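First comes the structure, then the notes that go with it.
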Amino acid sequence: QVQLVESGGGLVQAGGSLRLSCAASVRTFSTYVMGWFRQAPGKEREFVAGIGRTGAPTSYADSVKGRFIISRDNAKNTVYLQMNSLEPEDAAVYSCAAACGWMVVTTLNGYGSWGQGTQDTVSS
């Protein structure tokens, strides 16, 4: 089990940017595929982005492709989500997750460890 703690959420105007961080407390961080998910009020949790063990490959939901960038720093046990050109529809609780294996998975049940989440609010 990997302990994950997100930070960087907050309130931003539409068109603005936020950078989320997720710190993992595990010695073998580089052996985990990492992902970001989000859940808006009244909606199911959905995949946002995923990244392989070494920083590649990456995968994005169509709704964020071209606007969001996922990256990781294995020396710091941290994965990031740079969110640009934010829209009101991006407002949600964002959670990071860790998965064993090599493939970047896009489904919830592919991930075994989850963070508590961080709230992002986008005002129009």
Side-chain angles (χ1 to χ4, degrees):
Q1 195 80 0
V2 181
Q3 289 190 322
L4 303 168
V5 179
E6 301 93 340
S7 60
L11 172 64
V12 64
Q13 287 188 328
S17 298
L18 280 174
R19 188 193 195 203
L20 305 183
S21 299
C22 172
S25 59
V26 65
R27 295 176 66 182
T28 56
F29 178 70
S30 62
T31 67
Y32 289 87
V33 168
M34 299 299 295
W36 284 97
F37 289 76
R38 67 185 182 185
Q39 186 168 22
K43 295 187 177 181
E44 295 186 350
R45 185 176 289 184
E46 63 176 0
F47 172 78
V48 175
I51 188 167
R53 293 181 173 189
T54 60
T58 57
S59 179
Y60 296 92
D62 288 342
S63 59
V64 307
K65 204 170 291 183
R67 300 188 296 122
F68 290 12
I69 301 171
I70 187 171
S71 61
R72 66 190 294 163
D73 186 338
N74 286 345
K76 296 182 178 179
N77 283 13
T78 301
V79 61
Y80 305 97
L81 185 67
Q82 178 66 43
M83 306 187 294
N84 301 319
S85 301
L86 283 162
E87 303 167 352
E89 294 74 21
D90 295 316
V93 174
Y94 284 74
S95 301
C96 66
C100 297
W102 289 97
M103 301 294 293
V104 176
V105 294
T106 63
T107 57
L108 274 72
N109 59 14
Y111 292 83
S113 299
W114 292 83
Q116 295 274 15
T118 181
Q119 176 73 54
D120 293 333
T121 303
V122 183
S123 63
S124 56

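Remember, it's a predicted structure, so these values are computed and weren't measured experimentally.
- Side-chain contact check for C22 versus Y94: every heavy-atom pair is 4.5 Å or farther apart.
- A search for salt bridge (charged side-chain N to carboxylate O under 4.0 Å, His left out) contacts involving E89 returns nothing, not counting sequence neighbours.
- Residue pairs meeting the side-chain hydrogen bond (donor to acceptor under 3.5 Å, both in side chains) criterion with at least one partner in residues 112-124, sequence neighbours excluded, do not occur; the list is empty.
- Under the 4.5 Å side-chain heavy-atom criterion for Ile, Leu, Val, Met, Phe, Trp and Tyr, V93 and V48 are members of distinct hydrophobic clusters.
- Residues G8 and L18 approach most closely at O-CD2, 3.8 Å, considering heavy atoms.
- Rounded to the nearest 0.5 angstrom, R19 CZ and M83 CE are separated by 11.5 Å.
- Following chains of ILVMFWY side-chain contacts shorter than 4.5 Å, one can reach F29 starting from L81, so the two form part of one hydrophobic cluster.
- From M34, atom CE reaches atom SG of C96 across 5.0 Å, with rounding to the nearest 0.5 Å.
- Across G52 and V104, no two heavy atoms sit closer than the pair N-CG2, 3.5 Å.
- A heavy-atom distance below 4.5 Å is found between the side chains of V33 and Y111.
- Residues in residues 40-82 take part in these ring-ring contact (aromatic ring centres under 6.0 Å, His included) pairs, two or more places apart or across chains: F37-F47.
- R53 places a side-chain N or O within donor-acceptor distance of the main-chain N or O of G101, the cut-off being under 3.5 Å.
- Put simply, CG on N77 and CZ on R27 are 11.0 Å apart, with the number rounded to the nearest 0.5 Å.
- Atoms CZ and OG, on R72 and S21 in that order, are 13.5 Å from each other to the nearest 0.5 Å.
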Test log, rule side-chain contact (heavy atoms from CB on, under 4.5 Å), inputs S95 and W36:
CA-CA 6 Å; S95 301; W36 284 97; 5.9 Å; no

In sequence, state the C-alpha distance, the side-chain angles, and the governing distance for R38 and V64, and then conclude on side-chain contact (heavy atoms from CB on, under 4.5 Å).
CA-CA 11 Å; R38 67 185 182 185; V64 307; 3.9 Å; yes

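- The OG atom of S25 sits 7.0 Å away from the CG atom of L4 when rounded to the nearest 0.5 Å.
- A92 and A40 get closest at one heavy-atom pair: CB-N, 3.8 Å.
- For NZ of K65, the number of neighbouring non-hydrogen atoms (other residues, nucleotides, ligands) closer than 6.0 Å is greater than 12.
- V105 and I70 are members of different hydrophobic clusters when ILVMFWY side chains are connected at heavy-atom separations under 4.5 Å.
- In terms of hydrophobic clustering, with Ile, Leu, Val, Met, Phe, Trp and Tyr side chains grouped at heavy-atom distances under 4.5 Å, L20 and V5 are assigned to different clusters.
- Under the 4.5 Å side-chain heavy-atom criterion for Ile, Leu, Val, Met, Phe, Trp and Tyr, V122 and I69 are members of the same hydrophobic cluster.
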